[in-house]
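For clarity, every value in this text was computed on a predicted model and none was experimentally measured. Numbering of residues begins at 1 and proceeds along the displayed sequence.
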Amino acid sequence: MLSVSVIIPVFNCVRFISESIGSVLKQTYRDFEIIVVDGGSTDGTLDEIAKFSDKVKLFRSKRGTSYQKNIGIKAANGRFIAFLDADDLFLSEKLRLTVKFLQKNPSFGLVYSDSVWCDEKERAVMLSSDEWRPKSGWVFRELLKSCFISTASVVVCRKEVLIKVGLFDISFAQNEDYELWLRLSTFYPIGYIGLPLVRHRMWEGNITKKRHEAFFYSIRLIHKVLKYRNTSIYNNIGLGWFRRALLYFKIGHFLYYLQRIKSARRWIIRSIFTNPFCFKPYFFFLLTTFNINPDRYRFLKKRILDFGTYLKH
């Protein structure tokens, strides 16, 4: 039985797909297969994939990214499943280190790593850990507050775990990764490797999304998660007031980034009154009270992070 199956869902990514596949072929760990699932590309992507016809298994589906990933998982022969977005790159030690971690920690269902975020000119912009504080262990509650698993490309799972908890929810056109990580975290602890093992590209094709769709799927995700009843882990920490407060804050948070400031403030206030012991809603209440819009907030946050990096050196 193979050790790792690397699943690459792709749609019209002719610019990057060859490099992405090449980054897998350059791994120091050699016991793997590559499964590419194309979503109906029309831009020459299939021609690029054909250059690796002796090294990849190609499947096709036009039913969305979640369905593509599920096809890959079902076709996989590996004990472990690694995901790679078609515009990202694995660094050479990615598979060796993640497989080593899962072999040493048999109770963990998933391991993720840090990643380097790069612009279109391949210049490093930041580490994912600069934006999100990574956590490991039984992390459901922390993961529910904030998705610190930056991209599917940093994740390696046990195939048996994915079969047990259920695959990607194909009704989600966005946030399907986040929903699966949350569901998995109620069954298993999650591991973290504090090294950047992936290069994540930020470019127009993967950062431009319809904001109203993002809001819709984010709210759908929270409503689904709040109905989880599969383990005592969630029941022990998920008191009704905590869940309601979190939902109110999430709605306010998304409305804030949609620049609907007044509506966001109302939901954030509801969150504070429901659970006054959480710090983050107070922070966003100040942002909305002083009418600091998201663009200004991102600018200030970047300046603070840059200053923190300067002090470290």
Side-chain angles (χ1 to χ4, degrees), residues 4 6-9 20 65-66 68-70 72-73 80-91 93-95 97-99 101-102 105 107-118 125-159 161-162 164-169 172-202 206-207 209 214 217-218 220-222 224-225 228 233-234 237 246 250 253-254 280:
V4 186
V6 180
I7 297 172
I8 308 176
S20 297
T65 304
S66 298
Q68 288 175 256
K69 290 175 182 175
N70 288 347
I73 293 168
F80 306 115
I81 304 293
F83 300 101
L84 176 60
D85 291 340
D87 49 3
D88 288 346
L89 300 170
F90 281 172
L91 300 186
E93 292 289 286
K94 155 78 176 184
L95 294 183
L97 292 176
T98 50
V99 168
F101 179 94
L102 289 172
N105 299 276
S107 65
F108 282 64
L110 173 157
V111 63
Y112 70 102
S113 72
D114 211 343
S115 60
V116 182
W117 289 44
C118 304
V125 176
M126 58 182 282
L127 293 175
S128 58
S129 55
D130 292 335
E131 180 73 11
W132 298 282
R133 182 176 298 174
K135 297 176 178 65
S136 61
W138 291 100
V139 298
F140 172 77
R141 183 166 179 166
E142 291 80 8
L143 190 59
L144 188 57
K145 292 178 181 178
S146 175
C147 186
F148 44 80
I149 301 177
S150 60
T151 171
S153 299
V154 302
V155 168
V156 178
C157 304
R158 300 181 192 277
K159 182 178 179 180
V161 163
L162 293 175
K164 176 179 177 179
V165 306
L167 306 185
F168 291 93
D169 186 337
F172 279 78
Q174 295 184 35
N175 284 333
E176 73 280 355
D177 297 331
Y178 187 19
E179 193 279 321
L180 180 55
W181 312 151
L182 280 165
R183 193 170 1 120
L184 187 150
S185 71
T186 67
F187 287 96
Y188 298 93
I190 286 175
Y192 169 67
I193 296 174
L195 294 170
L197 301 179
V198 171
R199 288 181 70 86
H200 173 67
R201 288 189 177 99
M202 297 184 293
N206 69 5
I207 62 175
K209 294 182 178 179
Y217 284 109
S218 297
R220 269 200 62 203
L221 180 145
I222 296 300
K224 178 175 180 179
V225 170
Y228 285 175
I233 297 295
Y234 180 73
I237 66 173
L246 179 65
K250 284 287 187 180
H253 186 255
F254 295 133
K280 206 166 186 179

* Structure fact -> One should read off an interatomic distance between Leu144 CG and Thr186 OG1, to the nearest 0.5 angstrom, of 11.0 Å
* To do: Specify the closest pair of heavy atoms between Ser20 and Leu84, including all atoms of both residues, with the distance to one decimal.
  => O-CD2, 3.6 Å
* Residues forming a side chain to side chain donor-acceptor pair (under 3.5 Å) with Ser153, sequence neighbours excluded -> Asp88
* Structure fact -> ring-ring contact (aromatic ring centres under 6.0 Å, His included) filter on Trp117, not counting sequence neighbours, yields Trp132, His200
* Using the side chain to side chain contact (heavy atoms under 4.5 Å, CB included) rule, take Leu162 and Leu180 through it: C-alpha gap first, then chi angles, then the decisive distance, then the call. => CA-CA 9 Å; Leu162 293 175; Leu180 180 55; 3.9 Å; yes
* Structure fact -> All heavy atoms of Arg201 vs all of Leu89, minimum pair found to be NH2-CD1, 3.9 Å
* Structure fact -> Sorted by chain and residue number, the side chain to side chain contact (heavy atoms under 4.5 Å, CB included) partners of Lys135 (sequence neighbours excluded) come out as Arg133, Val139, Glu142, Phe148
* **Worked check of side chain to side chain contact (heavy atoms under 4.5 Å, CB included) between Leu197 and Phe90** => CA-CA 6 Å; Leu197 301 179; Phe90 281 172; over 6 Å; no
* Phe83/Ile73 under side chain to side chain contact (heavy atoms under 4.5 Å, CB included): CA gap, chis, key distance, verdict -> CA-CA 10 Å; Phe83 300 101; Ile73 293 168; 4.1 Å; yes
* Structure fact -> Rounding to 0.5 Å, atoms SG (Cys118) and CE (Met126) come to a distance of 11.0 Å
* In chain order, what residues pass the side chain to side chain donor-acceptor pair (under 3.5 Å) check against Asp169, with sequence neighbours excluded? -> Ser171, Lys224
* Asked: Considering all heavy atoms of both residues, which atom of Tyr188 and which atom of Gly109 are nearest to each other, and what is their separation?
  -> CB-N, 3.7 Å
* **Distance in Å, Ile7 CD1 paired with Gln68 CD, rounded so as to fall on 0.5 Å steps** => 11.0 Å
* For Ser150, enumerate each residue passing the side chain to side chain donor-acceptor pair (under 3.5 Å) test, keeping only those at least two apart in sequence or located in another chain. => Ser115
* Structure fact -> Rounded to the nearest 0.5 Å, the CG atom of Leu97 sits from the OG atom of Ser113 at a distance of 9.0 Å
* Structure fact -> Test side-chain contact (heavy atoms from CB on, under 4.5 Å), reference Arg158, set Leu110, Leu102, Leu184, output is Leu102
* Structure fact -> Taken in chain and number order and not counting sequence neighbours, the residues that satisfy side chain to side chain donor-acceptor pair (under 3.5 Å) with Asp85 are Thr151
* **Exercise: identify the closest heavy-atom pair between Val165 and Arg183** => O-NH1, 2.9 Å
* Asked: What distance do Ile190 atom CD1 and Ser136 atom OG have between them, rounded to the nearest 0.5 Å?
  -> 9.5 Å
* To do: Sequence neighbours left out, what passes side chain to side chain contact (heavy atoms under 4.5 Å, CB included) with Leu91? Give chain and number order.
  => Arg199
* To do: Would you please name every residue forming a ring-ring contact (aromatic ring centres under 6.0 Å, His included) with Tyr178, sequence neighbours left out?
  => none
* Asked: Is there a donor-acceptor pair closer than 3.5 Å between any side-chain N or O of Ser129 and the backbone N or O of Pro134?
  -> no
* Look at the rings of Phe168 and Trp181 and say which category their plane angle falls in: under 30° parallel, 30 to 60° tilted, over 60° perpendicular. => perpendicular
* **By ring-ring contact (aromatic ring centres under 6.0 Å, His included) - contacts of Phe101 (at least two apart)** => Phe108
* To do: Please report the shortest heavy-atom distance between Ser66 and Phe172, naming the atom on each side.
  => OG-O, 3.3 Å
* **Contacts of Asp177 that satisfy salt bridge (Lys or Arg N to Asp or Glu O under 4.0 Å) - sequence neighbours left out** => Lys69
* Asked: Is any side-chain heavy atom of Tyr192 closer than 4.5 Å to a side-chain heavy atom of Asp114?
  -> yes
